[in-house]
Student: 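This structure is in structure tokens; I'll ask about it shortly.
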Amino acid sequence: DLFLPQLKAILRAGVYGKAAIMIPMIINVAEFKKVKEFIEEAKLELAHEGKAYSDDVQVGIMVETPAAAIMTPVLAKYVDFFSIGTNDLVQYTLAVDRGNANISYLYNHFNPAVLRLVQRTISSARENGIWAGMCGEMASDPYAAVLLMGMGIHELSMSAPSIPRVKEMLRKTSSVKAKEVLADVMKLEDGDEIREYLHKVL
């Protein structure tokens with residue numbers, strides 16, 4: 001009752017400008033296929049109603065569960081893009097509730113497990129000819145941005161105040177340097193050790 005009207009509205013908006021649909025909390029391919037069925041149903045309804053809609057609306061997923069990140073080589077065959085939602089991905093990968101003061105110190109987007117899932121997602125996107133972006137705290141971290149550049153990320157989404165700091169870091173770091181730093185970081189075994197190393201070399 002809620003989903004179809006939303007899909008129809010986005011498809012109609014696509015006539016007047018670039019529009020995209022991003023599906024959150026995906027954990028398997030079957031869910032995404034079901035979404036695509038709903039989108040086709042929405043198109044049929046719009047055609048039946050005689051309303052114009054865009055047939056060029058990209059459909060992607062938010063990679064924010066470990067299940068989705070692990071399955072990105074498969075999911076990449078079906079989606080138009082990935083957007084890595086780091087706040088939830090870090091939380092679910094590390095089993096750490098950011099809102100719990102007793103364990104929030106364990107929340108660290110430089111944890112090697114998180115970095116490997118992020119790299120896997122970006123590589124899967126590139127290998128399948130789709131783009132990968134990122135939102136969340138990690139996207140606005142200048143030191144993480146260097147690693148992401150080394151991994152080949154296409155797009156970063158962040159709040160306006162974070163843009164100058166990230167821009168400055170990326171402008172002064174060559175792509176060759178970013179890849180060298182990434183290679184060194186992926187040999188390290190601890191998130192705090194990685195953070196210290198990045199602060200030292202950058």
Side-chain angles (χ1 to χ4, degrees), residues 22 24-27 60-73 75-76 81-127 131-202:
M22 182 163 62
M25 289 295 168
I26 289 291
I27 60 168
I61 65 168
M62 186 78 112
V63 179
E64 54 192 338
T65 67
I70 290 168
M71 290 299 291
T72 49
L75 285 161
F81 64 88
F82 290 139
S83 180
I84 307 168
T86 55
N87 292 353
D88 282 327
L89 183 61
V90 174
Q91 182 165 281
Y92 294 136
T93 302
L94 304 183
V96 174
D97 179 2
R98 289 182 299 149
N100 185 333
N102 293 320
I103 56 172
S104 59
Y105 71 94
L106 294 169
Y107 182 94
N108 184 353
H109 53 241
F110 291 120
N111 183 289
V114 173
L115 293 181
R116 279 165 172 73
L117 289 179
V118 169
Q119 187 173 40
R120 181 183 181 86
T121 301
I122 296 169
S123 297
S124 298
R126 287 197 164 274
E127 288 165 9
W131 62 270
M134 176 180 285
C135 61
E137 289 177 16
M138 187 174 182
S140 61
D141 183 324
Y143 296 97
V146 172
L147 297 181
L148 295 168
M149 178 166 70
M151 292 178 188
I153 195 82
H154 294 88
E155 180 181 289
L156 296 172
S157 175
M158 67 196 73
S159 60
S162 301
I163 294 173
R165 294 184 302 116
V166 173
K167 250 187 179 180
E168 181 185 6
M169 180 66 83
L170 293 181
R171 278 178 172 161
K172 72 179 186 182
T173 308
S174 69
S175 59
V176 173
K177 173 72 171 177
K179 287 177 182 175
E180 289 174 355
V181 171
L182 174 64
D184 289 340
V185 160
M186 297 309 278
K187 296 173 187 172
L188 302 177
E189 300 173 354
D190 179 78
D192 291 332
E193 183 185 10
I194 289 171
R195 191 190 300 275
E196 289 170 14
Y197 170 80
L198 291 171
H199 280 257
K200 180 182 176 182
V201 299
L202 297 175

Student: Could you tell me whether the side chain of Thr72 and the main chain of Ala69 form a donor-acceptor pair under 3.5 Å?
Tutor: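 At least one qualifying donor-acceptor pair exists.
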Student: Looking only at non-hydrogen atoms, find the nearest pair between Met22 and Met62 and report the distance.
Tutor: CG-N, 3.8 Å
Student: Which pair of heavy atoms, one from Met134 and one from Val118, lies closest together, and at what distance?
Tutor: CE-CG1, 3.8 Å
Student: Within the 4.5 Å heavy-atom criterion, are Leu147 and Leu198 side-chain neighbours or not?
Tutor: yes
Student: Would you check, one step at a time, whether the test side-chain contact (heavy atoms from CB on, under 4.5 Å) holds for Asp184 with Leu188?
Tutor: CA-CA 7 Å; Asp184 289 340; Leu188 302 177; over 6 Å; no
Student: Applying side-chain contact (heavy atoms from CB on, under 4.5 Å), run through Val181 and Tyr197 and close with a yes or a no.
Tutor: CA-CA 9 Å; Val181 171; Tyr197 170 80; 4.1 Å; yes
Student: Please find the pair of heavy atoms, one from Leu170 and one from Val146, that lie closest to each other, and give the distance.
Tutor: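 Scanning both residues completely, I find the closest heavy atoms to be CD2-N, 4.1 Å.
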Student: Look up atom OG1 in Thr65 and atom CD1 in Ile26, then write down how far apart they are to the nearest 0.5 Å.
Tutor: 8.5 Å
Student: Donor-acceptor check, side chain of Arg120 to backbone of Pro73, threshold 3.5 angstrom: yes or no?
Tutor: no
Student: Report the distance from atom CZ of Arg165 to atom CG of Asp141, rounding to the nearest 0.5 Å.
Tutor: 7.5 Å
Student: Walk me through whether Asn111 and Val90 qualify under side-chain contact (heavy atoms from CB on, under 4.5 Å).
Tutor: CA-CA 8 Å; Asn111 183 289; Val90 174; over 6 Å; no
Student: Of all heavy-atom pairs between Glu64 and Asp88, which one has the smallest distance, and what is that distance?
Tutor: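 Looking at all heavy atoms of both residues, the shortest contact is OE1-OD2, 3.3 Å.
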Student: What heavy-atom pair brings Leu94 and Tyr107 nearest, and what distance separates the two atoms?
Tutor: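 Here Leu94 and Tyr107 meet closest at CD1-CA, 4.4 Å.
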Student: For Leu117 and Thr93, what are the C-alpha separation, side-chain angles and deciding distance, and is it a side-chain contact (heavy atoms from CB on, under 4.5 Å)?
Tutor: CA-CA 9 Å; Leu117 289 179; Thr93 302; 3.5 Å; yes
Student: Distance check, rounded to the nearest 0.5 Å: Met71 atom CE versus Ile27 atom CD1?
Tutor: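 Reported value, rounded in 0.5 Å steps: 11.0 Å.
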Student: Please report the shortest heavy-atom distance between Glu137 and Arg98, naming the atom on each side.
Tutor: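 Shortest heavy-atom contact: OE2-NH1, 3.3 Å.
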Student: Does Val185 reach the side chain of Phe110, with side-chain heavy atoms less than 4.5 Å apart?
Tutor: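 Val185 vs Phe110: side chains apart.
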Student: If I take atom CE from residue Met149 and atom CE from residue Met169, how far apart are they, to the nearest 0.5 angstrom?
Tutor: 10.0 Å
Student: Identify, with sequence neighbours excluded, every residue that meets ring-ring contact (aromatic ring centres under 6.0 Å, His included) alongside Tyr143.
Tutor: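 Partners of Tyr143 under the ring-ring contact (aromatic ring centres under 6.0 Å, His included) test: His199.
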Student: Taking His154 for the side chain and Ala132 for the main chain, is one N or O donor matched with an acceptor at less than 3.5 Å?
Tutor: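 Present.
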Student: Got a second to check how far Leu148's CG is from Thr86's OG1, nearest 0.5 Å?
Tutor: 9.0 Å
Student: What is the distance from atom CG of Leu115 to atom CE of Met138, rounded to the nearest 0.5 Å?
Tutor: 5.0 Å
